[in-house]
Amino acid sequence: MTYSLTTPLYYVNDRPHLGSTYTTIACDALARFQRLEGETVLFVTGVDEHGLKIQRTAADQGIAPREHCDRITARYLEAWRQWGISNDRFVRTTEPRHRPLVQAFFQRCEAAGDIRSGRQTGWYCVGCEEFKDEPAEAKEPCCPLHQKPLEWRDEENLFFCLSHFQERIEALINQPGFIAPASRRKEIQNFVAGGLRDFSISRVNVAWGLPVPGHEGHTFYVWFDALLGYLTALLNDGGDVDLDRLGAAGWPADVQVIGKDILRFHAVYWPAMLMSAGLPVPKRVFGHGFLTREGQKMGKSLGNVLDPEVLLERCGADAVRWYLLRDIQFGDDGDFQQQRFTDLVNNDLANTIGNLLNRTASMARKWFNDAVPPIDSSAAAGHALQADAEQTIERVRQAMPELRFQQACEAILSLAIQANGYLNEQAPWSRMKQPGNEASVASDLYAVLECCRLVGLLLQPLVPDLSQRILDQLGEAPAVSTWKERLIWGKLNAGSPLPQPQPVMARLELDAPL
RNA sequence: GGCUCGGUAGCUCAGCUGGUUAGAGCGUGGGAUUCAUAACCCCAAGGUCGGGAGUUCAAGUCUCCCCCGAGCCA
């Protein structure tokens, strides 16, 4: 089966920030999980490159829009490479194949009678690429978000007849599970209940956009064009740009992950566009929360922006991924606190998980010839830790497809805690001092190492690098069998050599603020 | 202004349809231990559950009002 998921197509106004990194990491974890589960995954990300705002940003720098996009997009590509993001597609809305797709899509909407022309007058914010509701007689109005002057517009635009879709959109968003998390549903329902208004999908005098076929001088409104990038991405499989191929190419997406700020576009406008064009709507739209830093909104004016490049450079991908996925309920807002970040990473990854592996491997090597204790496979079955391990596997399997990363992390962690507690209870180091305990110590150490192996495997989608180091440390050969086959109690090779223990996770010691 | 979501230990949060002494993790203090990355394990202190009123035998949990924060729409 194909499982497709998307991040937003990030606007190339600036290089990647922590927010887009967060979204992308979460999607990466989900994509990796689905792949391990045996799905054929299409993990889509990309960039949204059109619009007046880009045109102006480029002009300010004295370069062509294309040049500006190339520069910023290169930053995105480089960032995702450094973070080890496993996306299958990376789409640019300026790539040649996108244009015919947008035009074909538009023509379907037009043929369906969902496009009309109309006059649009009002105050416009270029930052938002949106008309604002300031009264016409306002003098020098400002955008509350961007703190920049609004511009007066009076132009003939093409409109998408969103009003035609009132009932269908209501039915869609009432479907449980379409909008996730459920807590965000009501807001959208209220918005829709207020009556859907047609929205303009073209601009005049914006050169940096895709031309609207049959309407001289109009280019597509950036949002219209950007949303369609998801489809272009899926059709970038070597085949033609043909909307009829989408079903085979992975559309509809299983989940589209976005920040809560753009939920409306994805849960209302976008499905209506798709309905008009006779295409299926995404199965789920997940609006996650925002990150603050030490309790404050991050922003240039406050000068407290946390740079993902710095974070990666100083702390590494594993630490950051773990903290974000483990500490923040995906969907809710979260606060990045440096103290908590280091505490959690050190406690969970270095102390609890890393040290468990380290201490157990040391004992096994010391008393069992530098190897996993050689017990026969039947002896592993029914060990006290087996039930805990199996329950953990189950919990991770349930949490991950629901994007409940926090629950998955907690489940894994609790297995490591159980195993640590078990070791202290059994105290194999003292029992080894009396003769005759070798067999039971062997069995216990095997069981704890087996827990480590399962912890390592389960961590694979969440913190892939650390996962690899754990499995390496257990002397696991490169995987020949599938994840599912390996996620079975007792698959650790008894008697196989254990390498010299090395800490798999260094403690974070940040001497200066990030 | 209307609406939505939050306000529970120092911090991040759990607390389902109301029911014994309000929970977890982190942080803090103490103990135990040496297999281990000053790690692991155990124990403890810490909360008038934003405020007020009401419903009830019984409310963090329901109702109303107010205060604070975030957001959506005007």
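For clarity, every value in this text was computed on a predicted model and none was experimentally measured. Residue numbering restarts at 1 for every chain, and letters A, B, ... go by the order of the sequence lines.
Between A:Asn346 atom CG and B:C11 atom P there is a gap of 21 Å when expressed in whole angstrom units. Rounded to an integer number of Å, the gap from A:Ile470 CD1 to B:U37 C1' is 13 Å. Computed from coordinates, the A:Phe290 CZ to B:G71 P distance equals 9 Å when rounded to whole Å. The CD1-C1' distance, from A:Ile188 to B:G71, rounds to 11 Å in whole Å. The CD-P distance, from A:Glu509 to B:A39, rounds to 10 Å in whole Å. For the pair A:Met363 CE and B:A39 C1', the computed distance is 12 Å after rounding to whole Å. The interatomic distance linking A:Gln426 (CD) with B:U34 (C1') rounds to 17 Å, in whole Å. Atom CG in A:Leu445 sits about 12 Å away from atom C1' in B:A36, given to the nearest Å.
Not counting sequence neighbours, the partners of A:Arg284 by the salt bridge (Lys or Arg N to Asp or Glu O under 4.0 Å) test are A:Glu402. A:Arg507 is linked by a side chain to side chain contact (heavy atoms under 4.5 Å, CB included) to A:Asn346, A:Ala350, A:Asn351, A:Glu509, counting only residues two or more places apart in sequence or in another chain. Qualifying salt bridge (Lys or Arg N to Asp or Glu O under 4.0 Å) partners for A:Asp472, counting only residues two or more places apart in sequence or in other chains: none.
Closest to the side chain of A:Trp429, from the set B:A36, B:U33, B:G25, is B:U33.
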Distances for protein N/O vs nucleotides 26-32 of chain B N/O pairs under 3.5 angstrom?
| from | atom 1 | to | atom 2 | distance (Å) |
| --- | --- | --- | --- | --- |
| B:C26 | O3' | A:Asn347 | ND2 | 3.0 |
| B:G27 | OP1 | A:Asn347 | ND2 | 3.0 |

Name the pairs: protein N/O against N/O of nucleotides 13-16 of chain B, kept only if under 3.5 Å.
none

Atom pairs under 3.5 Å, N or O on each side, protein against nucleotides 1-6 of chain B: can you list them with distances?
| from | atom 1 | to | atom 2 | distance (Å) |
| --- | --- | --- | --- | --- |
| B:C3 | O2' | A:Asn190 | ND2 | 2.6 |

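Sequence neighbours left out, the pairs with a member in residues 439-452 of chain A that pass side-chain hydrogen bond (donor to acceptor under 3.5 Å, both in side chains) are A:His383-A:Asp444, A:Tyr422-A:Asp444, A:Arg431-A:Ser440, A:Arg431-A:Asp444, A:Glu450-A:Arg453. Within the structure, the salt bridge (charged side-chain N to carboxylate O under 4.0 Å, His left out) test picks out no pair touching residues 167-195 of chain A (sequence neighbours left out). Among residues at least two apart or in separate chains, side-chain hydrogen bond (donor to acceptor under 3.5 Å, both in side chains) pairs with a member in residues 321-333 of chain A are A:Asp28-A:Arg321, A:Lys260-A:Asp333, A:Trp322-A:Asp348, A:Arg326-A:Asp348, A:Asp327-A:Arg340, A:Gln329-A:Gln407.
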With a cut-off of 3.5 Å and sequence neighbours excluded, list every side-chain donor-acceptor pair involving residues 489-496 of chain A.
| from | atom 1 | to | atom 2 | distance (Å) |
| --- | --- | --- | --- | --- |
| A:Trp489 | NE1 | A:Ala380 | O | 3.0 |
| A:Ser496 | OG | A:Asn493 | O | 3.1 |

Side-chain donor-acceptor distances from residues 413-420 of chain A under 3.5 Å, at least two apart:
| from | atom 1 | to | atom 2 | distance (Å) |
| --- | --- | --- | --- | --- |
| A:Ser414 | OG | A:Ala411 | O | 2.9 |
| A:Asn420 | OD1 | A:Arg359 | NH1 | 2.8 |
| A:Asn420 | ND2 | A:Thr352 | O | 3.1 |

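The C1' atoms of B:G25 and B:A36 are separated by 22 Å, rounded to the nearest whole Å. Rounded to the nearest Å, the gap between the P atom of B:A9 and that of B:G15 is 15 Å. B:G19 and B:G2: their C1' atoms are spaced 37 Å apart (whole Å). Comparing the same atom, C1', in B:G47 and in B:U56 gives a spacing of 25 Å after rounding to whole Å. With both ends at atom P, the span from B:C49 to B:U34 equals 45 Å, rounded to whole Å. Comparing the P positions of B:A14 and B:A24 gives a spacing of 16 Å, expressed to the nearest Å. Comparing the P positions of B:G30 and B:G18 gives an interatomic distance of 44 Å, to the nearest angstrom. Distance check on atom C1': B:G60 versus B:G23 gives 12 Å, rounded to whole Å.
Mapping A:Ala416 and A:Thr360 onto RNA chain B via the closest heavy atom, the residue that lands nearer the 5' end is A:Thr360. Along RNA chain B, the nucleotide nearest A:Leu413 and the nucleotide nearest A:Arg197 are compared for position; the residue whose nucleotide lies closer to the 5' end is A:Leu413.
A donor and an acceptor atom, one from each side chain of A:Gln500 and A:Arg365, are located under 3.5 Å apart.
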- prompt: side chain to side chain contact (heavy atoms under 4.5 Å, CB included) between A:Glu438 and A:Trp367: does it pass, once the steps are laid out?
  reply: CA-CA 9 Å; A:Glu438 250 194 43; A:Trp367 303 318; over 6 Å; no

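Residue-level contact check: A:Ile417 touches the backbone only, with heavy atoms under 4.0 Å from sugar-phosphate atoms and none from bases.
Within the 4.5 Å cutoff, no side-chain heavy atoms of A:Leu487 are placed close to those of A:Leu36.
With a glycosidic angle more than 90° from 0, B:G18 adopts the anti conformation.
Side-chain rings of A:Phe405 and A:His288 stay apart, their centers remaining 6.0 Å or farther from each other. Aromatic pair A:Tyr221/A:Phe199: ring centres not closer than 6.0 Å.
The only member of A:Tyr269, A:Phe265, A:Trp270 that meets ring pair (Phe, Tyr, Trp, His ring centres under 6.0 Å) when paired with A:Trp223 is A:Phe265.
A close approach under 4.0 Å does not occur between any side-chain nitrogen or oxygen of A:Arg184 and OP1 or OP2 of B:A70.
Stem regions for RNA chain B, each three or more consecutive Watson-Crick or G-U pairs with both distances under 3.5 Å and listed by first number, read B:1-7 with B:67-73, B:10-13 with B:23-26, B:28-31 with B:41-44, B:50-54 with B:62-66.
With rounding to the nearest 0.5 angstrom, the CG atom of A:Leu457 is 5.0 Å from the CZ atom of A:Arg486.
A donor and an acceptor atom sit less than 3.5 Å apart, one in the side chain of A:Asn355 and one in the base of B:A36.
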